[in-house]
Amino acid sequence: MTKEKAIEEILCSLETNDSSDRIPQTDTPIEPEEELKVDSESTDKTHQSGFDGFGFSDALIETLEKKGYKDPSPIQKAAFPELMLGRDLVGQAQTGTGKTAAFALPILERLKENKKNPQVLVLAPTRELAMQVAESFRSYAAGHPNLKVLAVYGGADFRSQVSTLKKGVDVVVGTPGRVMDHMRQGTMNTVDLSCLVLDEADEMLRMGFIDDVEWILGQLPEERQLVLFSATMPSEIRRLSKRYLNEPAEITIKSKQQEARLIRQRFINIHNSYKVEALKRVLEAVTGEGVIIFVRTKAITLIVAEALESSGHDVAVLNGDVPQNQRERTIDRLRKGSINILVATDVAARGLDVERIALVINYDMPFDGEAYVHRIGRTGRAGRNGEAILFVNHRERHFLRNLERAVGQQIDQMEVPSNSLINKSRLEKLQERLASSASTGREHEEETTLLKEVLENVGKELEIDSEQLAFAALNLAIGSSPLLVQGDENWIKQSSQRVRKNDRREERGNSRRRNDRDPRQLERNMERFRVEVGHRDRVKPGNLVGAIANEAGLQGRMIGRIQIFESYSYIDLPKGMPNEVFNDLKKLRVMNRELQINRQD
Ligand code: AMP
């Protein structure tokens with residue numbers, strides 16, 4: 001019996017059996033009633049795998065078992081049968097739901113042998129996601145050592161990608177720009193492409209890649225399977241899906257609520273000038289495990305990292321200037337725990353999947369609700385609990401509602417941690433370290449004997465008892481820096497008073513603000529800039545808005561009129577752009593060309 005036939009039979013039997021554990025039907029939202037379970041102990045070959053019955057090969061089932069996957073996640077249960085049949089599919093799900101395996105497993109199982117050209121193309125918005133998806137494909141294909149997966153993305157060597165493609169590749173995972181380059185130059189042959197996946201389609205839209213995606217879609221053979229995954233479904237993505245997908249199965253996983261349930265979300269009202277101080281206090285009081293701090297611009301990543309380093313934290317930076325190989329090393333160090341804190345911009349950290357992230361700090365307000373969801377999704381991975389803390393200044397207060405709407409829950413207020421809270425946390429951590437040291441001991445027995453001798457010698461020499469000795473050892477472990485913080489904390493009160501005062505002032509100024517919405521008033525607050533990209537680069541307003549908003553940390557709606565000419569464009573931006581943002585924008589590349597932004601007098 002062919003695989004297709006087997007799956008068809010399974011589907012038919014599900015439709016006739018009214019069993020409660022049936023595979024969820026498509027076209028209806030699925031509640032994420034279960035978390036992804038990893039069972040690292042499970043090696044029992046007689047044990048039935050939760051992945052039986054989808055028509056997967058023994059090799060794949062064995063690989064999944066080795067990876068410790070016990071059961072398919074809800075999105076996998078729903079997607080496997082449809083994709084094994086070769087149907088098109090639209091899935092609304094975020095990272096953390098197991099969506100990569102949901103498409104990768106059936107796609108791998110349907111690959112044909114002895115083809116030299118790529119059969120599968122996965123488009124992802126960022127190189128980090130492209131690399132991760134490629135890595136997932138490789139790990140799921142462990143039972144097929146000859147299968148070749150290649151990640152292609154900008155910033156990596158083009159020629160080495162060409163030479164790998166020449167040798168033969170089955171699955172290509174790439175960012176739209178680089179994939180287009182390969183298609184245009186004929187270095188990636190599309191004749192055998194039978195499946196295209198658009199991963200995180202809403203992110204691709206947000207980053208201005210949608211035209212590129214449509215161009216790529218236009219190059220594909222008529223007979224192909226299209227799969228689209230997106231965390232949200234803006235109208236542009238619906239339109240794309242209607243236009244290109246053929247009667248797709250539709251699956252919705254309501255994972256925002258699931259993520260929200262696992263992630264404790266709070267905000268701190270804080271004046272900009274106190275943010276660094278507040279950050280240091282939060283880091284002391286809230287967690288010991290991996291932390292990502294999101295900031296608006298590259299320049300701020302450096303300022304924040306330096307401030308934290310000078311107060312004794314091990315910090316790494318992830319921004320657009322960090323070269324690709326260094327990024328990979330940084331993420332690896334974070335994963336292994338050799339660094340604990342990462343300061344990153346949105347673009348650099350998108351798609352990052354590190355399980356040990358326990359805390360996400362939004363040092364700067366995210367660009368919008370979707371960006372917030374993506375940022376906090378870096379914690380609470382693989383069923384763990386996570387924390388997210390957002391710094392909000394008084395001007396940003398009214399954006400909080402948008403974020404709450406995006407996650408479907410209230411974000412609670414918290415205060416900047418006080419001295420007494422930090423001291424309590426320090427003592428708890430010390431107690432934990434001591435307890436863990438007492439229960440682990442030294443690795444080499446010989447060292448334990450020698451240390452005991454040292455204790456005995458000192459005890460005898462100074463004629464002190466074991467309690468005094470223990471105290472001396474603890475003192476030694478703590479070192480010379482003070483155990484308790486006693487610094488000035490008046491600023492915490494002043495900061496929240498200042499925020500409250502600004503709130504009241506803002507209420508009084510409501511009517512004045514209404515006038516600000518007057519288009520003439522808005523225009524007076526804007527400056528005109530010239531950028532050196534235009535129609536010849538196929539630039540669209542969305543590309544400029546997406547790129548500039550990301551880089552300058554502006555809300556998209558704060559960007560004014562855009563006029564595009566053949567070789568340049570005009571764009572209106574709020575007055576008073578800081579110099580460092582301006583310099584970053586100069587070097588920013590849109591449609592593969594430097595903006596070289598300049599004020600237009
Ligand atoms: P994703 O949503 O694709 O980003 O996957 C989130 C995490 O869940 C990844 O680390 C996967 O390795 C893991 N995962 C995916 N499917 C399963 C499964 N059925 N059981 C256990 N873990 C899984």
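For ligands, and for the atoms within them, numbers begin at 1 and follow the listed sequence. What you see is a predicted model; the values in this text were computed from it and never measured. We count residues from 1, following the sequence as given.
With a 4.0 Å cut-off on non-hydrogen atoms, Q76 touches ligand 1 through its side chain and not its backbone.
In terms of polar-atom proximity, K70 is not counted as a contact of ligand 1, lacking any N or O under 3.5 Å from an N or O of the ligand.
Within the listing of ligand 1, atoms 19 (N) sit less than 4.0 angstrom from a heavy atom of F51. Under a 4.0 Å criterion applied to the non-hydrogen atoms of K99, ligand 1 contributes the atoms 1 (P), 2 (O), 3 (O). Within ligand 1, counting atoms from 1 as listed, the ones closer than 4.0 Å to a heavy atom of T100 are 1 (P), 3 (O).
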ask   = Where do K429 and E432 land on the salt bridge (Lys or Arg N to Asp or Glu O under 4.0 Å) test, with the steps shown first?
value = CA-CA 5 Å; K429 279 179 196 158; E432 270 167 34; over 6 Å; no

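Around the CG atom of D58, the shell of radius 6.0 Å holds no more than 12 heavy atoms that belong to other residues, nucleotides or ligands.
Contact check for L342 versus I357: no side-chain heavy atoms found under the 4.5 Å cut-off.
Of the possible polar contacts, one joining the Q225 side chain to the R87 backbone as a donor-acceptor pair under 3.5 Å is found.
At least one heavy atom of D71 sits closer than 4.0 Å to an atom of ligand 1.
The aromatic rings of F80 and F51 lie tilted to each other, with the angle between the two planes from 30° to 60°.
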